[in-house]
Protein chains: 2
Amino acid sequence: MTRSEENYLKAIFHLGGSSTTPISTNAIAEQMETKPSSVTDMAKKLAEKGLVNYKKYQGVSLTESGIKLALSIIRKHRLWEVFLVEKLNFSWDEVHEVAEQLEHIKSEKLIDQLDTLLGHPKYDPHGDPIPAKDGTFPEQEKQLLSEMLLGSKGVCVGVKDTSSAFLNFLDRNKIALGDTIEVMEKEDFDQSLHIKVGNQELNISHQIAANLYVKIQV
Amino acid sequence: MTRSEENYLKAIFHLGGSSTTPISTNAIAEQMETKPSSVTDMAKKLAEKGLVNYKKYQGVSLTESGIKLALSIIRKHRLWEVFLVEKLNFSWDEVHEVAEQLEHIKSEKLIDQLDTLLGHPKYDPHGDPIPAKDGTFPEQEKQLLSEMLLGSKGVCVGVKDTSSAFLNFLDRNKIALGDTIEVMEKEDFDQSLHIKVGNQELNISHQIAANLYVKIQV
DNA sequence: ACCTATTTTTAGTTTACTCTAAATATTTAT
DNA sequence: ATAAATATTTAGAGTAAACTAAAAATAGGT
């Protein structure tokens, strides 16, 4: 597996290519910041290796083994992110770029021991679940804050957007994973929300609410 | 800097290319397990970038900036080795291959924080000194065990050969860095040594003694 | 159903790195 | 000093990954 092949598998997975619905060449190109013609080349190569299903003009989806590999790369990426935050004092908006490099290091022992050092974490710093070694991928029940009903309460469990701009906004406004959020008011005009986070109240725009995942309290 | 360029700089440094004596194309090719013609190509490329001095048929030596870069790569390699041994329970014969990959990760913060996490170690698991961030390279006074005088005592501070075969031999014979070694007898016939390590006595061949570094007790 | 717009693929190039084989320079031995 | 051996460079070619531009297939709108 070359680094490039690994990145394609990861991109296809993130675009939903693990289901039977195939992903379009264009979509992959955009995600990878490359050109569609390059995607076609790689699609053929990965199909040769039995990692994707590919038929001309029909898009690409991952095979069983493609999914396995994609998950193992995502596992590495997210474990490294936890390491960077927990052990090396990175903030959650700094980890992505470095984890993109670290995820390609080849050593089974390395990742097993890292997992142990970190205490077998279930989620990365952005609240995304970490695939288990055996390929189990524990998707969590969650919904966007923007979809919460008036008056309902939830725990903040993840972010959709992981840009520095957004993550810094959350830091500045003292909104962190694990915080309890209650929807106090919903503004019809611009869909902004008045929320209570811990014992602090504030207004947030729809765009913010549409990028924060919460788990509803039952 | 590509990965390949970094590997060439490191190899040239290890062959002594930081002094004015240039290193031959063949020597570099052997060290890198590649062909002399590939070395010539890279020598031209690195010379273009001002990282090596190169004249046709005259060999290669590192420039100031080449040395700086080589040291920064060696620093990363050795810090990662310490990390693998101290934090991830690797044994000293397992670290090299993984560190070869990790040394190419690009992030200044990563390596600074790693250094801090490890408590600013001065030596790697094989006793080799770790270059400081500012480029200082604290070469330690040391000599080969095979060169020690009869009856003299020293502390084991490093290994020359870092192959698994050799490192495992040391583990099996309970010889570790930091142990005090005394030369009890020198055999003229085959230059083997009878030594005392801690309170254990054993015979070692010349080949073993010629791959163990000691620091003489004054 | 047909024409147009969009998407996807093909064909041909480029860059970085490597190799083999042949040519050239240097070193060594007599 | 010169021939033989060795070391080094050049030339040409291969591979992986990317790109551009042109061709081909698909999808949408009427």
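Predicted model only: the values in this text are computed from it and were never measured. Chain naming here is simple, since letters A, B, ... match the order of the sequence lines and numbering starts at 1 in each.
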Return the value, rounded to whole Å, for the distance between atom CE of Met42(B) and atom P of dT8(D). 18 Å
Which nucleotide sits closest to the side chain of Thr40(B): dC19(C), dT10(D), dT9(D)? dT9(D)
How is Ser38(B) classified with respect to the nucleic acid when contacts are heavy atoms under 4.0 Å: base, sugar-phosphate, or nothing? base
By side chain to side chain contact (heavy atoms under 4.5 Å, CB included), Glu103(A) pairs with (sequence neighbours left out) Asn7(A), Lys10(A), Ile73(A), Lys76(A), His77(A), Glu100(A)
Residue pairs fulfilling ring-ring contact (aromatic ring centres under 6.0 Å, His included) with at least one residue in residues 111-133 of chain B, sequence neighbours excluded: none
Does Lys44(A) have a side-chain nitrogen or oxygen under 4.0 Å from the phosphate oxygens OP1 or OP2 of dT9(C)? no
Contacts of type side chain to side chain contact (heavy atoms under 4.5 Å, CB included), residue Phe13(B), not counting sequence neighbours: Ser18(B), Leu62(B), Ile67(B), Ala70(B), Leu71(B), Ile74(B), Phe137(B)
Classify the side-chain pair Asp161(A)/Ser163(A) by whether it contains a donor and acceptor separated by less than 3.5 Å. yes
Strictly by modelled atom types, are Ser19(B) and Thr21(B) linked by a side-chain donor-acceptor pair under 3.5 Å? yes
Between C1' on dT9(C) and CD1 on Ile28(A), what's the gap in Å once rounded to a whole number? 14 Å
What residues from residues 54-63 of chain A pass a heavy-atom cutoff of under 4.0 Å to DNA chain D? Tyr57(A)
Whole Å only: how far is the NZ atom of Lys35(B) from the P atom of dA16(C)? 24 Å
Using atom CG of Leu46(A) as one end and atom P of dA16(D) as the other, report the distance to the nearest whole Å. 13 Å
Out of dT18(C), dT20(C), dT7(C), which nucleotide sits closest to the side chain of Asn26(A)? dT7(C)
In whole angstrom, give the distance that lies between atom CD1 of Ile23(B) and atom P of dT8(D). 11 Å
With a 3.5 Å cut-off and sequence neighbours excluded, list the donor-acceptor pairs that the side chains of residues 139-148 of chain B form with protein atoms.
unit_1, atom_1, unit_2, atom_2, d
Glu147(B), OE1, Leu144(B), N, 3.3

In whole Å, what is the span from the CD atom of Glu30(B) to the P atom of dT8(D)? 11 Å
Strand contacts (DNA chain C) in residues 2-14 of chain B, 4.0 angstrom heavy-atom criterion: Thr2(B), Ser4(B), Tyr8(B)
Partners passing side chain to side chain contact (heavy atoms under 4.5 Å, CB included) against Lys122(A) (at least two apart in sequence or in another chain): none
Give the rounded distance in Å between these two atoms: CD of Glu33(A) and C1' of dC19(D). 15 Å
Could I get the full list of ring-ring contact (aromatic ring centres under 6.0 Å, His included) partners for Phe83(A), not counting sequence neighbours? Trp80(A), Phe83(B)
I want to confirm an ordering. Mapping Thr34(A) and Asp41(B) to their closest nucleotides on DNA chain D, which one lands closer to the 5' end? Asp41(B)
Residues in ring-ring contact (aromatic ring centres under 6.0 Å, His included) with Phe90(B), at least two apart? none
Pick base, sugar-phosphate or nothing for Ser37(A), based on heavy-atom distances below 4.0 Å to the nucleic acid. base
